[in-house]
Amino acid sequence: MATVLILLVLMNLDLLMKMGLCSETRDQVLLIIPDTQEHVDILKNISTQYETALWQPASPHHIQEETQVHLYVPANSSESVKTLLQTHTITHEVLLANANELIEMQMRNDSTDPRSSSTFYQKYHRLEDIYEWINRTTHDNPSTVKAILIGSSFEKQPLLALKLSMNDRPDKKAMWMDCGIHAREWISPAFCLSFVQHSLSFYKQNQEITHILDNMDIYVLPVMNPDGYKHTWTENRMWRKNRSHTKNTNCIGVDLNRNFDANWCMEGASRDPCSETYCGRFPESEPESKAVADFLRLHKDSIHLYISIHSYSQMLLFPYSYTLEEAPNHSDLLEMAKGAADNIKRYHRNHYVYGAGAKTIYLAPGGSDDWAYNLGIKYSFTFELQDRGRYGFLLPPSHIHSACSEALTAVKTVALMVINKA
Ligand code: ARG
Ligand code: ZN
């Protein structure tokens, strides 16, 4: 017995695992690069067959040769997935060796730990805490901030947008920003909160935000997909879609960023309710997308700028995403995105890629940015915040500050440019 034990100790963990004596107990994120079409096909299969979560690209359909795939692999599928990759000599490395620990860290951070020195805006927050924050913010700023109920989610959670308005100037422009369309992109709601905080604290202090708020009303929807967001805190950290039920299937959720009426459900979205990019039964079938679309339709004459905040990959995207064709004011949009990326480089030393969505990432119809653009909001953007894949959706709380600072720079840059356009 003793000799067996010593033998086991002497052997390394890797070897033990290969012998099946010890199995992986941690969730991991793998970076995989398919070299051949055969590899591509195997990967498409893995991501549907095993209990995994595809981080990048959004759908297996977009997996291509020589392009990075980021795959979240729960401990229980780890061995089968790795064996499969090894058998077919598919290049891969471990991006995150212990995802469980990161997830725990992000959630633990929410508790009111008196020893923690980080502020409210350097933590992630549960849905209830965000609603409480909305309450507090309107209560503390009665003359400048109003909460507007624009609708409710599938599970009947309120969809609350904040309106920041510093004066009653006639014919004032407005901008709209939504966060948290996709549930697992936690940095997105965190940014909406920090953006509101910055606006209220630095009005009359910081010249740029003052100029913006003097000339624009700002609507902010901190959590567009509250049901999904809640689900990522309680059940499944990797959830992307909303939580609506579809008849004749056990699969839950619609991809809200495929549910808008912009070349709805054509190439780049899926009709399969089990897919991560399921487009829903018809455009605006979901209460969340319908509420936002209704609000934008009602205010389209004043709203000149639409921004949707996502993560991850550090990209500043603009229409179109549903077609490879260029938008009519492509050169304006390009100039604005370039201005934002240049400022991020200059002030934060970080690199953001920019361009039209379809050419920069992939064809993706039914997106909110393209729909808002076609409604007549000619300056329309999707910002993909930090990082570029090191932590992906599991960006640690210690990175919230830098992610939000550079996103703020991007938002300010485009808002100032819109104000200066006739
Ligand atoms: N990662 C986002 C998504 O897949 C990209 C959004 C870009 N815009 C768009 N309309 N698809 O939804
Ligand atoms: Zn997203």
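Note: hydrogens, waters and symmetry copies are ignored here, and every other heavy atom, side chains too, is used. Just so you know, ligand 1 is whichever comes first in the structure, and atom 1 is the first atom listed for that ligand.
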Test item: side-chain donor near acceptor, [X] and [Y], under 3.5 Å:
| X | Y | value |
| --- | --- | --- |
| E185 | H310 | yes |
| N329 | Y373 | yes |
| Y322 | D369 | no |
| S402 | Q386 | yes |

Decide, yes or no, whether a salt bridge links [X] with [Y] under the criterion of side-chain N to carboxylate O below 4.0 Å.
| X | Y | result |
| --- | --- | --- |
| R349 | E406 | no |
| K290 | D294 | yes |
| E208 | K412 | yes |

Could you name the option among [options] that has the heavy atom nearest to [atom]?
| atom | options | value |
| --- | --- | --- |
| atom 1 (N) of ligand 1 | Q56, E384, H310 | E384 |
| atom 7 (C) of ligand 1 | A364, A372, G357, S321 | S321 |
| atom 4 (O) of ligand 1 | F260, F318, Y362, Y373 | Y362 |

With backbone taken as N, CA, C and O and side chain as the heavy atoms from C-beta onward, which portion of Y322 lies under 4.0 Å from ligand 1: side chain, backbone, both, or neither?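 Near ligand 1, Y322 shows nothing, with every heavy atom at 4.0 Å or more.
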
Would you mind telling me if ligand 1 is within reach of the side chain of D255, the backbone, both or neither, using heavy atoms under 4.0 Å? neither

Distance under 4.0 Å to a non-hydrogen atom of [X]: what atoms of ligand 1 satisfy this?
| X | answer |
| --- | --- |
| R240 | 3 (C), 4 (O), 12 (O) |
| R258 | 3 (C), 4 (O), 12 (O) |
| G367 | 10 (N) |
| I361 | 5 (C) |

Give the residue, atom name and distance (to 0.1 Å) of the protein heavy atom nearest atom 6 (C) of ligand 1. N257 ND2, 3.5 Å

If you have a sec, work out which protein heavy atom is nearest atom 10 (N) of ligand 1 and how many Å separate them, to one decimal?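 Here the nearest protein heavy atom works out to D369 OD1, 2.6 Å.
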
Quick one: are the ring centres of Y354 and F318 less than 6.0 Å apart? no

Hey, which N, O or S atom on H182 ends up closest to the Zn ion (ligand 2)? ND1

Taking the Zn ion (ligand 2) as the vertex, what is the angle from OE2 of E185 to ND1 of H310, given to 10 degrees? 150°

For the pair K172 (side chain) and N167 (backbone), establish whether a donor and an acceptor sit closer than 3.5 Å, ignoring hydrogens and angles.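 Checked: pair present.
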
